[in-house]
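Take a look at the structure set out below.
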Amino acid sequence: EVFPDGMTYEGIPGGRRERYYGETGAQSSLIPAVDSGLGLECNAGVGGDQQAANLVPYLLAMRDYMPPKHRELIIALEPGGKLLRHACKQLGPDTSNAFDKVLTHLWEFRTLHLELAHKYVRQWDKRDDEAVLGTGGTVFTNYLRAHRKATRNHRIGASQNSNDKSQMHLRDTA
């Protein structure tokens with residue numbers, strides 16, 4: 001980091017030091033709102049992957065960069081997303097399939113995001129994933145993979161189709 005202890009800004013009352021994160025897509029409220037609405041928590045899928053787990057507090061801190069109403073919406077959607085998944089499961093196959101289709105599209109978006117992050121950031125650095133930082137200053141590859149996998153596994157049909165040979169299953173190793 002260039003300024004690990006932050007900076008003191010002239011003309012700001014109190015003279016305290018401030019630290020700000022760099023520009024990152026994690027400051028956007030769109031995808032966290034979609035995740036919350038579908039019942040996917042930002043720590044979904046990180047499990048025992050410490051590198052992925054280390055990114056969760058950062059993602060929660062990014063909510064402070066969002067407009068307050070956006071942040072409030074994300075928080076308000078969180079319990080409803082869990083209820084939505086449960087309701088879809090109870091309402092039958094048509095509803096479950098529609099829910100799973102939404103998750104499939106979100107998984108495809110996450111796959112594209114991972115591919116673009118690799119193409120424009122990761123591929124140029126030959127160090128291990130744990131040493132490569134994204135535009136927001138974080139180690140991102142393990143987290144992106146873990147959250148993509150959690151999106152796939154969040155499908156209602158995921159547990160019923162453990163031998164699923166769909167495009168989603170085959171491309172998850174990317």
Would you check, one step at a time, whether the test side chain to side chain contact (heavy atoms under 4.5 Å, CB included) holds for Y143 with N54? CA-CA 9 Å; Y143 177 82; N54 288 343; over 6 Å; no

Any salt bridge between E78 and R63, counting N to O under 4.0 Å?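 Between R63 and E78 there is a salt bridge, with a charged N closer than 4.0 Å to a carboxylate O.
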
R85/D100 ion pair, N-O < 4.0 Å: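 Result for this pair is no, no salt bridge flagged.
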
[Y] reachable from [X] in the ILVMFWY side-chain graph, under 4.5 Å edges:
| X | Y | result |
| --- | --- | --- |
| V102 | F109 | yes |
| I31 | L103 | yes |
| L38 | L91 | no |
| V56 | L77 | no |
| Y9 | Y65 | yes |

So which atom in [X] and which in [Y] form the shortest heavy-atom distance, rounded to 0.1 Å?
| X | Y | value |
| --- | --- | --- |
| G37 | L84 | O-CD2, 3.4 Å |
| R152 | W107 | CB-CD1, 3.8 Å |
| H113 | L144 | CE1-CD2, 3.5 Å |
| S96 | C88 | OG-O, 3.0 Å |
| R122 | D129 | NE-OD1, 2.5 Å |

Hydrophobic cluster partners of I75 (side-chain heavy atoms under 4.5 Å): none

Remaining members of hydrophobic cluster (4.5 Å side-chain criterion), M66: I74

ring-ring contact (aromatic ring centres under 6.0 Å, His included) partners of F140, counting only residues at least two apart: none

Hey, mind stepping through T104 and E108 against side chain to side chain contact (heavy atoms under 4.5 Å, CB included) and telling me if it holds? CA-CA 6 Å; T104 298; E108 290 169 348; 3.9 Å; yes

Can you measure from [atom1] ([X]) to [atom2] ([Y]) and round to the nearest 0.5 angstrom?
| X | Y | atom1 | atom2 | value |
| --- | --- | --- | --- | --- |
| D35 | T151 | CG | OG1 | 6.0 Å |
| L40 | L106 | CG | CG | 6.5 Å |
| C42 | Y58 | SG | OH | 12.5 Å |
| L112 | K119 | CG | NZ | 10.0 Å |
| E41 | L59 | CD | CG | 13.0 Å |
| I156 | Q90 | CD1 | CD | 9.0 Å |

Go through N142 and E130 one step at a time and tell me if the side chain to side chain contact (heavy atoms under 4.5 Å, CB included) criterion holds. CA-CA 8 Å; N142 291 6; E130 293 75 23; 3.5 Å; yes

Any donor-acceptor pair under 3.5 Å from D125 side chain to R127 backbone: yes

With heavy-atom distances below 4.5 Å as the criterion, would you say the side chains of H154 and F99 are in contact? yes

If we count only N and O atoms by modelled type, under 3.5 Å, do the side chains of H147 and N43 hold a donor and an acceptor together?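 Short answer, no.
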
